[in-house]
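Down below is the structure, laid out as structure tokens.
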Amino acid sequence: MNVVKLAHPAEEVAPKLLGAILIHETPEGTVSITITETEAYSGTADPASHAYRGRTPRNAVMFGPAGHLYVYRSHGLHWCANIVTGTDGIASAVLIRAGRVIEGEDLARKRRGAKVESAGLARGPGNFCQALGITAVHNGVDLLKGAPVALSEGEPVPAALIRVGPRVGVSRAHDWQHRFYLAGDPTVSAYRLSPRAKPSAGA
């Protein structure tokens, strides 16, 4: 994957990231995960985006350049990973919601728990980061420079397998059709409507 393919609005890049692979090399070993579910967040034009109200120290990575990792803590519990897209200076990012572990399953299970089923190791954004070993120290990492954290293209996904729907668990702009996932894939997370969600206009 190169920066040219990522330098587009999040909603255009998000479906193209399905089938791509995130790889993390650590002293413990390497874990590789094929992406099966994504969500697009369109920066200052998107009420659900961290960048909606402009640049802050927390969201600065979202403003580019493309190809970097934006990592944040969700609800004070879980790390979530986003791939920055778009052009430098314009906030745009794709949340990685779920994936399939294709390398290093034993290490991913050590991080997630011995009883977790294979399909659930990286299901959900927090579990994805835990299985891959992603934390705050990886915020801002350039995924296109190679190890230790890298993004690889993987195998192309046929368009017929891609489904589109509303985003999970957000209260603002929740009905925007910015969630993309592989049809019938057991690693994809379940859809949940936020109890605070209200109908909204938009994309």
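All heavy atoms count here, side chains included; hydrogens, waters and symmetry mates do not.
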Test side-chain hydrogen bond (donor to acceptor under 3.5 Å, both in side chains) applied to [X] - qualifying residues, sequence neighbours left out:
| X | answer |
| --- | --- |
| S32 | E103 |
| Y41 | E39 |
| S118 | E105, R109 |
| E153 | K5 |

For H24, what residues pass the ring-ring contact (aromatic ring centres under 6.0 Å, His included) criterion, not counting sequence neighbours?
H138

Under the ring-ring contact (aromatic ring centres under 6.0 Å, His included) test, which residues partner H50, sequence neighbours left out?
Y70, Y72

When you measure from the side chain of [X] to the backbone N and O of [Y], does any donor-acceptor pair fall under 3.5 Å?
| X | Y | answer |
| --- | --- | --- |
| R73 | A136 | no |
| Q177 | D175 | yes |
| R97 | E37 | no |

Could you tell me which non-hydrogen atom of [X] sits nearest to which non-hydrogen atom of [Y], and how far apart they are?
| X | Y | result |
| --- | --- | --- |
| G126 | C80 | N-SG, 4.5 Å |
| G99 | T187 | O-CB, 3.4 Å |
| A190 | V168 | O-CG1, 4.1 Å |
| N139 | V71 | OD1-N, 2.9 Å |

[X] and [Y]: same hydrophobic cluster, using ILVMFWY side-chain contacts below 4.5 Å?
| X | Y | answer |
| --- | --- | --- |
| L6 | V149 | yes |
| V141 | W79 | yes |
| V188 | Y191 | no |

Could you give the distance from [atom1] ([X]) to [atom2] ([Y]), rounded to the nearest 0.5 Å?
| X | Y | atom1 | atom2 | value |
| --- | --- | --- | --- | --- |
| L132 | N127 | CG | CG | 12.0 Å |
| F180 | K16 | CZ | NZ | 11.0 Å |
| L17 | I96 | CG | CD1 | 5.5 Å |
| L151 | L69 | CG | CG | 9.5 Å |
| I83 | T38 | CD1 | OG1 | 9.0 Å |
| L161 | T36 | CG | OG1 | 12.0 Å |

Taking only residues two or more places apart in sequence, or in another chain, which ones meet T85 in a side chain to side chain contact (heavy atoms under 4.5 Å, CB included)?
A10, V13, S92, V94

Using salt bridge (Lys or Arg N to Asp or Glu O under 4.0 Å) as the criterion, list what pairs up with R111, not counting sequence neighbours.
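With sequence neighbours excluded, R111 shows a salt bridge (Lys or Arg N to Asp or Glu O under 4.0 Å) to E28, given in chain and number order.
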
Under 3.5 Å, side-chain donor or acceptor atoms of residues 60-68 against the rest of the protein: list the pairs with distances, not counting sequence neighbours.
| residue | atom | partner | partner atom | Å |
| --- | --- | --- | --- | --- |
| H68 | ND1 | G140 | O | 2.8 |

Dump the intermediate steps for side chain to side chain contact (heavy atoms under 4.5 Å, CB included) on R123 and E117, then the final yes or no.
CA-CA 10 Å; R123 183 194 293 135; E117 60 176 349; 3.4 Å; yes

Inter- and intrachain pairs under ring pair (Phe, Tyr, Trp, His ring centres under 6.0 Å), touching residues 94-136, at least two apart:
none

Salt bridge (Lys or Arg N to Asp or Glu O under 4.0 Å) partners of residues 154-167, not counting sequence neighbours, each pair once
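Counting only pairs at least two positions apart or across chains, the salt bridge (Lys or Arg N to Asp or Glu O under 4.0 Å) contacts touching residues 154-167 are D46-R167.
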
Through direct or indirect side-chain contacts below 4.5 angstrom among Ile, Leu, Val, Met, Phe, Trp and Tyr, which residues connect to I90?
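Direct or chained contacts put I90 with none.
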
